[in-house]
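Atom set for the values below is all heavy atoms of this structure, side chains included, hydrogens, waters and symmetry mates excluded. Lettering of chains follows the sequences in order, A, B, ..., and the numbering in each one begins at 1.
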There are 4 protein chains.
Amino acid sequence: MSALHGDKQEAILDAAYNIFGTKGFYETKISEIAEQAGIAKGTVYLYFESKEHLFKAVTRRDCEQFLERLSHSVQGCAFEEQMHRMAGLHLRYHYERRYHSKLFFMLPNNDPELMEYMRGFIQRYTDFVTQVLEQARVNNASLHAKAFIGMLERLKMDFMFNQEYEEAELLTTVELAANLFLGGCRAVPIR
Amino acid sequence: MSALHGDKQEAILDAAYNIFGTKGFYETKISEIAEQAGIAKGTVYLYFESKEHLFKAVTRRDCEQFLERLSHSVQGCAFEEQMHRMAGLHLRYHYERRYHSKLFFMLPNNDPELMEYMRGFIQRYTDFVTQVLEQARVNNASLHAKAFIGMLERLKMDFMFNQEYEEAELLTTVELAANLFLGGCRAVPIR
Amino acid sequence: MSALHGDKQEAILDAAYNIFGTKGFYETKISEIAEQAGIAKGTVYLYFESKEHLFKAVTRRDCEQFLERLSHSVQGCAFEEQMHRMAGLHLRYHYERRYHSKLFFMLPNNDPELMEYMRGFIQRYTDFVTQVLEQARVNNASLHAKAFIGMLERLKMDFMFNQEYEEAELLTTVELAANLFLGGCRAVPIR
Amino acid sequence: MSALHGDKQEAILDAAYNIFGTKGFYETKISEIAEQAGIAKGTVYLYFESKEHLFKAVTRRDCEQFLERLSHSVQGCAFEEQMHRMAGLHLRYHYERRYHSKLFFMLPNNDPELMEYMRGFIQRYTDFVTQVLEQARVNNASLHAKAFIGMLERLKMDFMFNQEYEEAELLTTVELAANLFLGGCRAVPIR
DNA sequence: GATGAATGAGGGTTCATTCAT
DNA sequence: TATGAATGAACCCTCATTCAT
């Protein structure tokens with residue numbers, strides 16, 4: 001029973017991730033999610049209180065996964081390598097999700113709880129990067145962390161909105177981002 | 001009549017900018033825009049074909065204005081100064097719009113024309129920065145341009161979602177962004 | 001415009017009276033009311049905030065009308081005649097409404113405002129009868145008023161639930177009620 | 001097993017009586033009844049065919065009980081005393097049920113079988129009172145019976161909708177009702 | 001041009017009932 | 001017998017858009 005529950009819950013989350021991610025919150029119909037999950041519309045409401053709650057659950061699952069991967073990615077390596085790895089994770093993560101971008105762009109408005117969660121997520125991400133920078137004794141670690149993340153956010157746009165983007169470019173972009181951050185725009189790549 | 005037309009059109013755009021910017025596309029009602037513009041609901045449709053078209057007109061007006069300001073901002077000064085000015089413009093521009101952030105975050109989904117326009121806008125912005133970088137013989141100008149813009153995008157989040165942000169911090173942030181870009185995270189500020 | 005407004009509002013109230021009265025609140029669909037009123041579903045909401053509000057408006061219109069008729073009915077006649085007239089009004093009023101009984105029996109539950117209004121209505125009705133009794137120096141006027149109204153309420157049930165009830169019986173019933181009240185169950189009718 | 005069956009059936013009826021009586025038919029959820037009865041939702045359907053059938057069973061149990069108590073109440077006493085006893089039973093019965101009034105006011109609409117049963121119940125009640133009156137040679141016994149019951153119905157409203165009603169008032173009301181019926185509104189109480 | 005009353009498609013949600021276990 | 005997860009029909013209400021005035 002519990003296994004089934006888990007299965008169905010996961011199926012709904014997966015379907016919701018797909019459709020919310022593709023069409024955004026407002027253009028997604030619960031009936032469509034149910035259909036894709038292979039269940040009846042009403043069943044969705046056995047697992048999630050409302051459309052908003054479902055959206056939040058999807059978001060939460062995705063963000064928590066990212067943070068977990070992040071903390072694994074930097075273990076046991078030097079600062080420069082850490083920056084490369086974090087840049088790589090960020091870009092690859094969103095590259096994998098490039099057809100689900102609406103999850104980040106089309107969220108339900110006026111949902112304070114979601115807004116709060118997103119703020120918290122960004123904070124935790126930033127804090128993590130800040131710590132890495134502090135350990136490497138970078139000045140102004142917090143602002144630098146934000147700038148670093150920002151660069152990556154922007155660089156990801158290239159494939160988020162570009163269907164023809166090739167994975168090879170991804171590697172170049174990762175290198176550039178890390179190197180730019182480490183040495184500025186005129187630096188000679190370290191590795 | 002044409003002058004009047006202009007007046008009313010502007011009034012609608014202004015109201016739409018306010019409400020779309022505050023609440024996002026989906027949570028905005030045409031009737032509310034009409035009310036704030038001081039006209040009847042039906043009148044909106046004499047000037048704009050649909051809610052989507054109105055949103056696009058608002059976006060277009062705002063983005064074009066930005067690009068215009070951008071090209072003015074870098075005239076007649078050296079590279080480093082140009083980077084500082086662009087960082088300043090970007091951040092100040094969004095600082096002024098910090099209570100209208102929904103214009104950029106909550107746009108109508110599934111509108112290919114808008115998506116296309118946004119892509120085009122980002123392209124033109126990037127191209128402009130790329131040119132500046134190329135004139136200064138920075139390598140990989142295009143990717144660097146994207147990274148630069150990305151840093152700024154992220155840094156702007158601080159005040160977009162933070163009501164207590166003080167204008168003074170803005171200046172520090174601008175300096176940091178430009179310096180990071182110019183010399184990397186360990187650079188000594190140039191100016 | 002105002003005339004039209006009035007017309008449509010009345011049309012909705014009339015249709016709502018018919019259907020709420022026939023089927024009760026919960027079994028009535030707004031779409032049905034709209035259809036009977038000859039308008040679109042959405043139009044109902046231009047005139048009434050919600051299904052509950054519409055029901056309350058219908059109820060209010062009906063109850064106020066009753067109280068108005070009541071105060072007219074007793075003007076300028078002696079006590080015994082007053083009692084006969086009030087009994088007559090009560091029974092005839094509900095006889096006219098015998099196919100709309102659901103208006104009184106199937107109201108929306110848990111609507112405190114409606115409950116409050118109904119309480120108020122009953123109070124006003126009782127108060128009116130109480131005054132008549134007090135002017136005739138009947139003891140315990142208030143309780144007697146309630147008992148009088150109660151008799152009538154019960155007597156009305158005969159035709160409310162009985163399709164074959166004939167109007168002629170109505171007159172007998174009115175006489176009996178008034179005489180019973182005036183002289184008890186063994187009294188010889190006064191008129 | 002039969003005993004158990006009985007137990008569970010009773011438990012459901014008790015819970016249903018509570019909730020239907022408190023909230024009315026339409027606002028009551030089967031799941032709530034099941035919960036209060038300490039069983040699973042599906043189990044309700046092993047004992048009762050549908051929500052409507054359950055409601056009817058509750059109503060039937062309550063009404064039959066009343067009629068039984070009624071016939072006991074008048075045994076072996078004189079007419080005047082009989083009227084007092086019946087008034088007392090009616091009012092006390094509903095006083096005990098004053099927090100379950102919805103059982104009588106919010107019944108499922110459009111259920112012909114229930115309507116039929118209610119008609120039958122009222123008939124049986126009326127017939128019983130009629131017989132008592134006939135034995136006492138009251139004229140027009142049937143209509144008088146209805147009027148008597150009606151008085152009581154109305155008088156009961158006082159506590160049905162009034163949380164602060166005190167039991168002491170009940171006795172006064174019973175006296176008044178019986179005396180009014182026996183001697184009219186100007187009568188001197190007999191006992 | 002301007003109005004705003006009218007339209008009606010559309011979707012989130014509830015809950016009585018079923019049925020596999 | 002008992003369960004409770006699953007179903008899906010049903011309905012209220014919103015709001016972009018139209019059009020007669």
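- Using the six-membered ring where Trp is involved, Tyr26(A) and Tyr26(B) have ring planes that are parallel, under 30° apart on the 30 and 60° scheme.
- Atoms CZ (Phe55(D)) and C1' (dC15(E)) sit 18 Å apart, rounded to a whole Å.
- Under the 30°/60° scheme for interplanar angles, the aromatic rings of Phe66(C) and His94(C) are found to be tilted.
- How far OG of Ser50(A) is from CD1 of Ile30(A): 8.0 Å, rounded to the nearest 0.5 Å.
- The distance from atom CD of Glu35(A) to atom C1' of dT7(F) is 15 Å, rounded to the nearest whole Å.
- Listed nucleotides: dG4(F), dA2(E), dT7(F). Nearest to the side chain of Ala40(D): dG4(F).
- For Glu35(D), there are no side-chain hydrogen bond (donor to acceptor under 3.5 Å, both in side chains) partners, not counting sequence neighbours.
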Steps toward salt bridge (charged side-chain N to carboxylate O under 4.0 Å, His left out) verdict (Arg61(C), Glu10(C)): CA-CA 10 Å; Arg61(C) 188 179 66 161; Glu10(C) 286 303 306; 3.0 Å; yes
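- Taken to the nearest 0.5 Å, the CG atom of Leu54(C) stands 9.0 Å off from the OG1 atom of Thr59(C).
- Atom C1' of nucleotide dC12(F) and atom CD1 of Ile33(C) are separated by 12 Å, given to the nearest angstrom.
- The NZ atom of Lys8(A) sits 7 Å away from the C1' atom of dA6(F) (whole-angstrom rounding).
- Between His100(B) and Tyr17(B), the ring planes lie parallel to each other; the angle is under 30°, not in the 30° to 60° tilted range.
- The interatomic distance linking Gln9(C) (CD) with dA5(E) (C1') rounds to 13 Å, in whole Å.
- Here the OG1 atom belonging to Thr22(D) is positioned 12.5 Å from the CD atom belonging to Glu27(D), to the nearest 0.5 angstrom.
- Rounded to a whole Å, the CD atom of Glu32(D) is 17 Å from the P atom of dG4(F).
- Remark: Leu13(C) CG to Phe20(C) CZ distance equals 10.0 Å, nearest 0.5 Å.
- Note: CD1 (Ile12(D)) to C1' (dT3(F)) measures 13 Å, nearest angstrom.
- Every stem involving DNA chain E, taken as at least 3 paired positions in a row under the Watson-Crick or G-U wobble test at 3.5 Å, is listed here: E:2-21 with F:2-21.
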Nucleic acid footprint by protein, nucleotides 14-19 of chain F - heavy-atom cut-off 4.0 Å, B for base, S for sugar-phosphate alone: BSSBB-
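- Protein atom CZ of Phe48(A) is 16 Å distant from nucleotide atom C1' of dT13(E), rounded to whole Å.
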